[in-house]
Chemist: 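My questions will all concern the structure given below.
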Amino acid sequence: MDFYQRVTMVCQAIPSGKVATYGQIALLCGCPRNSRQVGYGLNKKMTEDVPAHRVVNHQGYLSGAQSFETYDLQRRLLEAEGVEVSSDQRVDLKKFGWHNTMEDAYAFRALFEDLI
DNA sequence: ATACTGACTAATC
DNA sequence: TGATTAGCCAGTA
């Protein structure tokens with residue numbers, strides 16, 4: 001299975017109202033060092049049927065790059081799901097982060113390992 | 001093949 | 001702690 005296909009799958013598994021980091025997704029895809037490629041993929045490859053707005057960097061900051069149609073589109077989509085975004089374009093990963101523990105991450109990975 | 005880029009992160013100070 | 005630095009690696013030219 002192609003790396004970007006796995007990225008797509010993992011992103012689609014992010015529940016509404018939660019956010020994940022690039023590094024997390026890379027890890028769940030079996031390529032812990034490909035966080036940059038996750039960003040590349042979301043920007044250039046898919047974007048269809050993929051909730052890319054639920055992906056932020058490891059500090060909780062929304063993407064600074066202007067890949068969304070308008071500057072605040074990502075923010076509006078998140079807030080529409082109940083995710084609080086501070087004025088400096090940041091979300092609280094403690095509150096809204098998907099898989100806050102390694103145990104959760106491993107559980108997810110075990111669930112999908114046959115697809116990886 | 002080489003160089004540069006970037007929706008990133010972990011290490012270091 | 002917070003701010004730099006250094007490493008990362010698929011794509012692109």
Side-chain angles (χ1 to χ4, degrees):
Chain A
M1 195 171 190
D2 181 73
F3 173 73
Y4 292 108
Q5 291 180 288
R6 299 200 296 271
V7 171
T8 301
M9 182 191 75
V10 172
C11 289
Q12 288 172 341
I14 303 172
S16 174
K18 294 283 182 181
V19 298
T21 70
Y22 301 94
Q24 260 182 343
I25 291 166
L27 176 67
L28 292 171
C29 288
C31 301
R33 320 196 207 135
N34 281 28
S35 49
R36 296 190 96 132
Q37 282 58 241
V38 173
Y40 174 86
L42 293 177
N43 185 28
K44 303 268 179 170
K45 302 274 185 183
M46 41 210 136
T47 336
E48 290 179 59
D49 311 319
V50 179
H53 60 282
R54 299 195 188 124
V55 186
V56 300
N57 75 15
H58 71 129
Q59 293 189 329
Y61 286 108
L62 274 52
S63 100
Q66 316 197 339
S67 299
F68 287 95
E69 303 193 9
T70 64
Y71 175 70
D72 63 343
L73 178 59
Q74 182 173 20
R75 173 178 188 145
R76 292 205 320 270
L77 289 170
L78 287 173
E79 288 177 337
E81 296 180 347
V83 177
E84 298 166 20
V85 182
S86 61
S87 56
D88 57 345
Q89 302 296 292
R90 193 181 194 181
V91 307
D92 186 352
L93 291 177
K94 289 273 166 68
K95 275 189 180 177
F96 303 105
W98 184 40
H99 293 167
N100 284 319
T101 69
M102 280 320 238
E103 284 74 17
D104 286 340
Y106 286 136
F108 175 87
R109 195 170 189 289
L111 203 63
F112 285 87
E113 67 183 355
D114 54 324
L115 299 175
I116 298 175

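Every chain is numbered from 1 and lettered A, B, ... according to where its sequence line falls, protein lines coming before strand lines. Treat the numbers as computed from the prediction; the structure is a model and nothing was measured.
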Chemist: State, to 0.1 Å, how close Q12(A) and D49(A) come at their nearest heavy-atom pair, and which atoms those are.
Modeler: NE2-O, 3.1 Å

Chemist: Measure the distance from CG on N34(A) to P on dG6(B) and round it to the nearest whole Å.
Modeler: 18 Å

Chemist: Nearest 0.5 Å please: distance from the NZ atom of K18(A) over to the CG atom of L93(A).
Modeler: 10.5 Å

Chemist: How far apart are the closest heavy atoms of W98(A) and L28(A), and which atoms are they?
Modeler: CZ3-CD1, 3.7 Å

Chemist: Take the protein atom CD of Q89(A) and the nucleotide atom P of dA7(B), then report the distance between them rounded to whole Å.
Modeler: 16 Å

Chemist: Can you tell me how far P of dT9(B) sits from OH of Y22(A), to the nearest Å?
Modeler: 8 Å

Chemist: Given atom CD of Q24(A) and atom C1' of dA7(B), what is their separation to the nearest angstrom?
Modeler: 15 Å

Chemist: Rounded to the nearest Å, what distance is computed from the CG atom of residue L42(A) to the P atom of nucleotide dG6(B)?
Modeler: 17 Å

Chemist: Find the distance Q59(A):CD to dG2(C):C1' and express it as a whole number of Å.
Modeler: 9 Å

Chemist: Base, sugar-phosphate, or nothing for F3(A), non-hydrogen atoms under 4.0 angstrom?
Modeler: nothing

Chemist: Could you state the CG-P distance from L27(A) to dC8(C), rounded to the nearest angstrom?
Modeler: 17 Å

Chemist: Hey, does Y40(A) reach any base, or is it just sugar-phosphate, or nothing, if we go heavy atoms under 4.0 Å?
Modeler: sugar-phosphate

Chemist: Consider the side chain of Y4(A), meaning its heavy atoms from C-beta on, and name the nucleotide among dG11(C), dA7(B), dG7(C) that approaches it most closely.
Modeler: dG11(C)

Chemist: Please report the distance, rounded to the nearest Å, between CD in Q37(A) and C1' in dC8(B).
Modeler: 9 Å

Chemist: Between E84(A) and K95(A), is there a donor-acceptor pair closer than 3.5 Å when you use the side chain of the first and the backbone of the second?
Modeler: no

Chemist: Taking only the side-chain heavy atoms of H58(A) (C-beta and beyond), determine which of dA7(B), dC8(B), dT9(B) contains the nearest atom.
Modeler: dT9(B)

Chemist: DNA chain C: R36(A) or D2(A), which has the more 5' nearest nucleotide?
Modeler: R36(A)

Chemist: dG11(C), dC8(B), dA7(B): which one has an atom nearest the side-chain heavy atoms of S35(A)?
Modeler: dC8(B)

Chemist: Spell out, as yes or no, whether a donor-acceptor pair under 3.5 Å connects the side chain of R75(A) to the backbone of Q89(A).
Modeler: no

